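Have a look at the structure below before the remarks.
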Amino acid sequence: MEKLFCHLCDHDAEEFEVKEEEFFYNVRNEDFIIKGQRVYCVSDKHKDAEELFHKEYDSENQRKAFDLYREKYGILFPEEIKNLRKKYNLKQREFSHLLGFGEITISRYERGSLPTPAQNQILKDSEHPEKMMEYLMKNSEKIGEEKSTELKALLTSLMPSNQYEQGIINEIKEIFHHVPDAYSGYKEFDFKKFSSMVLFFSKKDSPYLTKLNKLMFYADYYFFQKYKESLSGAKYIRDYYGPVPEKFQTLYDNIEGVEIIENEHGSFTSSIIEKSYEDLLSEKEIEILNFVYEKFKGMYSSDIKNFSHEEKCWIETQNKKLISYEYAEDLNMDREYIR
Ligand SMILES: [Zn+2]
């Protein structure tokens with residue numbers, strides 16, 4: 001045992017006793033009962049055993065009391081703070097800066113210091129990626145541009161809405177999985193492309209579903225005519241009102257940022273959030289979509305229905321059957337429509 005000063009002996013204690021006992025330990029003006037070890041001077045120079053300050057025992061006792069305090073008041077444990085920081089792939093200093101703490105605050109907390117209630121709340125909030133994104137936006141210059149960009153991408157991927165979106169995409173992928181053939185325009189179904197196309201047309205003028213179905217058909221088939229590949233990989237069925245994407249209701253229902261609204265004339269799509277399609281569509285794809293949009297701009301659902309009924313693919317394919325993309329070569333997009 002190292003030298004421990006005894007106030008009653010007025011010099012370093014000569015005889016010690018280590019006792020394992022239950023006692024109160026005060027944390028922020030509140031006593032917690034803990035079981036720990038304490039050291040006493042048992043010299044016969046004084047009647048009562050005198051407790052001596054022992055650094056290691058005391059910090060162990062303090063740790064136990066802090067843990068009780070943490071449990072009672074929902075304060076994060078050092079390990080939890082460390083895991084949180086690791087989740088965001090940050091150094092202690094970076095995490096401190098982002099949360100607006102002092103430079104070494106996180107380091108102290110990870111080593112066992114008790115967070116203040118206010119900072120504990122900030123730490124807890126930062127568990128949510130969208131909240132962490134707010135802190136990042138506020139303090140990004142403190143961690144440098146490169147780290148900011150990296151964290152931003154990480155947070156985006158952790159956002160619940162993105163996870164939700166990814167879940168839907170995976171589900172749709174399973175439902176619409178097919179081997180590319182003439183009916184899919186020799187392309188695997190690409191729900192993101194399909195969604196971007198719907199978003200494109202919805203932003204332009206919220207088309208009714210009957211019209212949207214045809215716009216989608218013409219975009220995919222015209223794209224095929226030009227580039228020998230479908231744009232979205234969607235399959236189209238010959239329906240009474242013209243060609244429609246297979247299971248279009250399921251597809252439209254699951255597109256983020258687009259809502260299907262009903263009024264007395266039917267259902268139409270409307271883009272409800274500022275989500276852009278530009279980064280998911282190439283220039284030549286947007287060119288085709290623009291062309292199709294302009295071509296049918298002034299036409300009602302019934303006009304475009306009648307227009308599509310003159311297509312060879314509609315005439316030659318049986319009702320409710322898939323339409324082959326091979327018919328795309330017969331499309332005449334310069335054909336005029338006379339009402
Ligand atoms: Zn003593």
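Since we're looking at a predicted model, the values are computed, not measured. Just so you know, these numbers use all the heavy atoms, side chains as well, and skip hydrogens, waters and symmetry mates. Order of appearance sets the numbers: ligands from 1, and atoms from 1 within every ligand.
Both tests do not hold together for Arg85 against Phe95: distance to the six-membered ring centre under 6.0 Å, angle to the ring axis within 45°. Tyr40 carries Lys19 over the face of its six-membered ring, with the cationic atom under 6.0 Å from the centre and within 45° of the normal. Annotation: cation-pi pair Lys204/Tyr293 present, NZ/CZ under 6.0 Å from the ring centroid and within 45° of its normal.
Using modelled atom types and a 3.5 Å distance limit, the side chains of Tyr218 and Asn213 yield no donor-acceptor pair.
For Gln318, the CD atom sits in a loose shell: 12 or fewer heavy atoms of surrounding residues, nucleotides or ligands are nearer than 6.0 Å.
Counting only protein N, O or S atoms, the number found under 2.8 Å from the Zn ion (ligand 1) is 4.
Residues that satisfy the salt bridge (charged side-chain N to carboxylate O under 4.0 Å, His left out) test with Lys193, not counting sequence neighbours, are Glu285.
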